[in-house]
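Let me begin by presenting the structure, written as structure tokens, before commenting on it.
Just so you know, these numbers come straight off a predicted model, no measurement behind them. When reading the values below, keep in mind they use all heavy atoms of this one structure, side chains included, and skip hydrogens, waters and symmetry mates.
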Amino acid sequence: MPADRLTKAVIQSFLRCYLVGANFNPRGMQNIGLVYAMLPGLAAIHKDPVRFRQAVKRYVRHYNSHPFWAPCLVGIFLSTEQRIAAGAFPPAMLEKVKDRTTYTLSAIGDSVFAGSLLIYWALSTACLLLAGHMAAALLEGLIFFIGLQMFKVYTFWRGLRGGFLFLESLKRWDLINWGQRIKYANAALLLWFWMLVWPKPVAWEGWLAGMIGLAVTARLVQQFRLPRTIPAVGLAALWALYPVVVESLGGWPF
């Protein structure tokens with residue numbers, strides 16, 4: 001197969017990764033989008049029509065993962081299809097590892113990207129805008145956007161070159177723990193956000209009471225595994241009654 005033809009097909013598959021979630025459905029979820037992204041590469045790899053149809057069938061089943069991982073997964077799958085076409089990888093083995101890989105990366109994506117980095121970007125942007133740093137907020141957004149595109153290109157390329165072996169490198173990235181560290185930064189950003197939006201002048205007694213109430217509520221949820229709604233409603237009720245209680249006590253304790 002001409003190298004330039006395969007390269008063109010691979011580039012088309014990468015660009016189609018941006019549309020993986022465009023045909024989301026309740027049965028197969030992102031499976032139609034995955035097949036759409038795989039088609040150019042599969043057509044270039046499997047010249048025999050029968051083998052091409054068999055390859056397509058391997059991806060029309062249920063598929064769902066975080067969209068940021070789509071290029072990486074497509075690259076890994078295309079690399080594996082090249083090995084299948086060369087007789088170096090049994091197709092049945094792909095069925096055993098495809099879903100496990102997809103769901104594992106999905107969980108990592110939900111934790112690191114959706115649960116950490118995207119929240120960091122949203123909170124930091126809000127804080128910068130509230131503080132009057134509009135240029136810095138725009139620059140940060142551009143850096144995150146460009147960084148995401150570089151991440152997609154890099155993981156697609158590594159997945160295409162290494163196949164499932166690239167997962168060993170991903171394991172060394174320790175993304176789960178990085179997601180936890182980013183959440184600590186998000187907590188600091190949330191504190192900054194509260195300080196920016198808190199009514200001025202700051203009534204530090206109300207601030208401290210609110211922080212203590214929030215900490216106690218979080219502890220109750222963790223300790224007794226309570227539904228979050230009940231402690232949240234209780235905290236809101238106490239906060240609403242706080243001025244009444246203070247007034248009835250003649251201003252005590254503040």
Side-chain angles (χ1 to χ4, degrees), residues 1 3 5-115 151-176 179:
M1 163 193 328
R5 181 178 178 182
L6 179 59
T7 301
K8 181 179 179 181
V10 164
I11 294 174
Q12 289 177 342
S13 287
F14 170 76
L15 294 176
R16 290 187 178 194
C17 290
Y18 287 89
L19 301 175
V20 164
N23 197 9
F24 189 90
N25 60 90
R27 183 174 181 179
M29 306 194 101
Q30 302 177 46
N31 63 330
I32 302 300
L34 175 65
V35 171
Y36 178 72
M38 296 285 298
L39 279 178
L42 293 178
I45 294 171
H46 299 285
K47 307 302 297 182
D48 180 68
V50 175
R51 292 190 174 184
F52 172 70
R53 287 195 296 270
Q54 291 174 346
V56 172
K57 288 181 179 179
R58 287 194 280 269
Y59 300 97
V60 296
R61 299 174 183 175
H62 182 276
Y63 165 82
N64 190 46
S65 190
H66 195 280
F68 290 1
W69 285 120
C72 176
L73 289 168
V74 170
I76 290 175
F77 295 155
L78 288 178
S79 175
T80 305
E81 289 296 334
Q82 286 183 294
R83 296 185 63 192
I84 291 175
F89 194 96
M93 183 67 69
L94 176 62
E95 296 298 327
K96 296 181 179 180
V97 297
K98 181 170 73 71
D99 289 344
R100 182 180 301 175
T101 301
T102 298
Y103 298 142
T104 300
L105 290 182
S106 178
I108 295 175
D110 289 341
S111 175
V112 177
F113 299 128
F151 173 82
K152 289 183 176 181
V153 172
Y154 177 75
T155 54
F156 177 79
W157 175 69
R158 288 293 305 273
L160 189 64
R161 288 192 59 188
F164 285 104
L165 294 178
F166 175 50
L167 298 177
E168 292 297 324
S169 298
L170 283 179
K171 186 185 298 184
R172 291 193 292 270
W173 290 9
D174 197 22
L175 291 176
I176 290 294

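- Minimum interatomic distance between Thr101 and Leu73 (heavy atoms only, all atoms of both residues): CG2-CD2, 4.0 Å.
- Across all their heavy atoms, His62 and Lys98 have their closest contact at O-NZ, 4.4 Å.
- More than 12 non-hydrogen atoms from other residues, nucleotides or ligands lie less than 6.0 angstrom from CZ of Arg58.
- Gln12 CD to Leu15 CG: the interatomic distance, rounded to the nearest 0.5 Å, is 8.0 Å.
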Please lay out, stage by stage, how Lys47 and Phe52 fare under the test side-chain contact (heavy atoms from CB on, under 4.5 Å).
CA-CA 7 Å; Lys47 307 302 297 182; Phe52 172 70; over 6 Å; no

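- Of all non-hydrogen atoms in Leu94 and Phe89, the two that sit nearest each other are N-CE2, 3.6 Å.
- Taken from CG in Asp48 to CD in Gln54, the straight-line distance is 8.0 Å, to the nearest 0.5 Å.
- Interatomic distance, Ile84 CD1 to Gln82 CD, rounded to the nearest 0.5 Å: 10.5 Å.
- Here the shortest heavy-atom pairing between Leu42 and Ala55 reads CD2-CB, 4.0 Å.
- Remark: the Asn31 side chain and the Asn25 side chain contain an N/O donor-acceptor pair separated by less than 3.5 Å.
- Among all heavy-atom pairs drawn from Leu105 and Ser65, the shortest one is C-OG, 4.1 Å.
- Distance check: Glu168 CD to Trp173 CH2 gives 13.5 Å after rounding to the nearest 0.5 Å.
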Step-by-step side-chain hydrogen bond (donor to acceptor under 3.5 Å, both in side chains) determination, Tyr36 to Gln30:
CA-CA 10 Å; Tyr36 178 72; Gln30 302 177 46; over 6 Å; no

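- Exactly one of Glu81, Met38, Arg51 qualifies for a side chain to side chain contact (heavy atoms under 4.5 Å, CB included) with Ile45. That residue is Glu81.
- Screening Phe113, Phe151, Tyr103 against His66 for a ring-ring contact (aromatic ring centres under 6.0 Å, His included) leaves a single residue, Phe113.
- Considering all non-hydrogen atoms of both residues, Ala37 and Cys17 come closest at CB-N, 4.1 Å.
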Under the side-chain contact (heavy atoms from CB on, under 4.5 Å) rule, what do Tyr63 and Ile32 come out as? Steps first, then yes or no, please.
CA-CA 9 Å; Tyr63 165 82; Ile32 302 300; over 6 Å; no

Before giving the answer on side-chain hydrogen bond (donor to acceptor under 3.5 Å, both in side chains), spell out for Ser13 and Arg16 the whole-Å C-alpha distance, their side-chain angles and the decisive distance to 0.1 Å.
CA-CA 5 Å; Ser13 287; Arg16 290 187 178 194; over 6 Å; no

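- Under the 3.5 Å distance criterion, with hydrogens and angles disregarded, no donor-acceptor pair is assigned to the side chains of Ser79 and Arg161.
- Ring geometry for Phe156 versus Phe14: interplanar angle of 30 to 60°, hence tilted.
- Distance alone, capped at 3.5 Å, is enough to place a donor-acceptor pair between the Thr155 side chain and the Lys152 backbone.
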In sequence, state the C-alpha distance, the side-chain angles, and the governing distance for Trp69 and Leu170, and then conclude on side-chain contact (heavy atoms from CB on, under 4.5 Å).
CA-CA 12 Å; Trp69 285 120; Leu170 283 179; 3.9 Å; yes

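- With Phe166 as the aromatic partner, Arg158 does not meet the cation-pi criteria of under 6.0 angstrom to the ring centre and within 45 degrees of the ring axis.
- Under the side chain to side chain contact (heavy atoms under 4.5 Å, CB included) test applied with Leu160, the options Val74, Ile76, Val10 reduce to a single match, Val10.
- Annotation: the span from Thr104 atom OG1 to Asp99 atom CG amounts to 10.0 Å, rounded to 0.5 Å.
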